[in-house]
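Since the model is a prediction, treat every value here as computed from it, not as a measurement.
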Amino acid sequence: MRHPPAIGLHLLPILVGILFLAASLTPSLIPRGWILQGALGGLVMALGYAVGRAGLALWRLMELPKAGDKVLRVIGCCTAVPVIGLLLWCLWRATDWQNGIRMRMGMDIVDTTNTVRMLALALAVFAILILLGFAVQWLFDRLRRWLYRFMPHRTANVAGLILTVLLIVTVTRDGVLDRIIESLETSYALAQNLFDTAPPPLDGTDVAGGPGSHVDWRA
């Protein structure tokens with residue numbers, strides 16, 4: 001069975017990711033700074049790319065007919081033009097959308113130059129997530145090819161997928177997640193200790209935080 005060429009395999013997922021990125025720029029009820037928007041945009045773009053790759057995998061699994069190289073190039077170019085145009089329009093409008101929300105909430109407006117930094121951060125987050133995805137794919141390929149020596153290919157593919165998921169869950173839970181939770185618990189304990197060991201309220205009437213003062217000692 002002939003697989004589609006590289007341009008057809010990767011262009012569609014990238015375009016889906018760009019559509020997801022453009023959608024993340026549309027206004028919402030919560031104002032977002034350029035750092036939050038950039039991180040969210042990169043995450044959403046990676047999610048869109050994964051959806052596109054999953055769609056291509058499902059197409060191949062169903063053994064549906066595939067177009068030729070020239071047809072794929074034409075379809076890719078014709079699809080890329082409106083998708084990129086939509087992204088550019090959303091980038092152009094993103095600052096106005098965010099400032100409109102900020103003005104209604106009485107917040108300071110954001111600078112238009114933040115759009116460039118936001119896009120750079122989104123692309124950086126997207127690249128990091130894609131590299132992590134390629135690392136997971138590499139691990140899965142190594143495991144299933146090793147299992148090919150002991151079992152049929154279909155069984156090895158399923159077993160390799162299960163082993164990959166178990167390894168990722170083990171590493172993230174026991175190696176990363178536990179450390180994050182432990183760090184949060186330590187920070188909470190330190191913060192609570194500050195309140196438990198805090199000095200008693202002041203007695204003087206002429207000092208801030210004392211009796212009759214407008215400053216609350218607990219603040």
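Residue pairs that meet the salt bridge (Lys or Arg N to Asp or Glu O under 4.0 Å) test with at least one member in residues 12-30, sequence neighbours left out, do not exist here. Listed by first then second residue, pairs satisfying salt bridge (Lys or Arg N to Asp or Glu O under 4.0 Å) with a partner in residues 120-134 number zero, not counting sequence neighbours.
Heavy-atom minimum distance, G41 versus A122: C-CB, 4.1 Å. Listed here is the closest heavy atom pair of L147 and A159: CD1-CB, 3.7 Å. Closest non-hydrogen pair, C90 versus L25, comes out as CB-CD1, 3.9 Å. For A46 against L129, the heavy-atom pair with the smallest separation is CB-CD1, 3.7 Å.
The distance from the CG atom of L43 to the CZ atom of F20 is 11.0 Å, given to the nearest 0.5 Å. Distance check: M118 CE to L36 CG gives 11.0 Å after rounding to the nearest 0.5 Å. Atom CG of L163 is separated from atom CH2 of W146 by 8.0 Å, given to the nearest 0.5 angstrom. Atom CG of residue L91 and atom CD1 of residue I84 lie 11.5 Å apart, to the nearest 0.5 angstrom.
Hydrophobic clustering places I35 together with L123 (ILVMFWY residues linked when any side-chain heavy atoms are closer than 4.5 Å, directly or through intermediates). Under the 4.5 Å side-chain contact rule for hydrophobic residues, W92 and V81 do not share a cluster. Clustering ILVMFWY residues whenever any of their side-chain heavy atoms sit less than 4.5 angstrom apart, transitively, puts I18 in the very cluster that holds W89. Following chains of ILVMFWY side-chain contacts shorter than 4.5 Å, one cannot reach Y148 starting from W138, and the two form parts of different hydrophobic clusters. A continuous path of ILVMFWY side-chain contacts below 4.5 Å connects L132 to L21, so both sit in one hydrophobic cluster.
P82 places none of its side-chain heavy atoms less than 4.5 Å from the side chain of L86. Residues T164 and R144 form no side-chain contact, since every pair of their non-hydrogen atoms from C-beta on lies 4.5 Å or further apart. Put simply, the side chain of L15 reaches to within 4.5 Å of the side chain of L11, judged on heavy atoms. Within the 4.5 Å cutoff, side-chain heavy atoms of L143 are placed close to those of L167. A heavy-atom distance below 4.5 Å is not found between the side chains of R93 and T26.
For the side-chain contact (heavy atoms from CB on, under 4.5 Å) test with Y49, the passing option among I14, V16, V44 is I14; the others fail.
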Q: Under the side chain to side chain contact (heavy atoms under 4.5 Å, CB included) rule, what do T79 and L12 come out as? Steps first, then yes or no, please.
A: CA-CA 9 Å; T79 307; L12 177 61; 5.8 Å; no

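For R145, the salt bridge (Lys or Arg N to Asp or Glu O under 4.0 Å) criterion is met by no residue, not counting sequence neighbours.
Distance alone, capped at 3.5 Å, places no donor-acceptor pair between the Q37 side chain and the T115 backbone.
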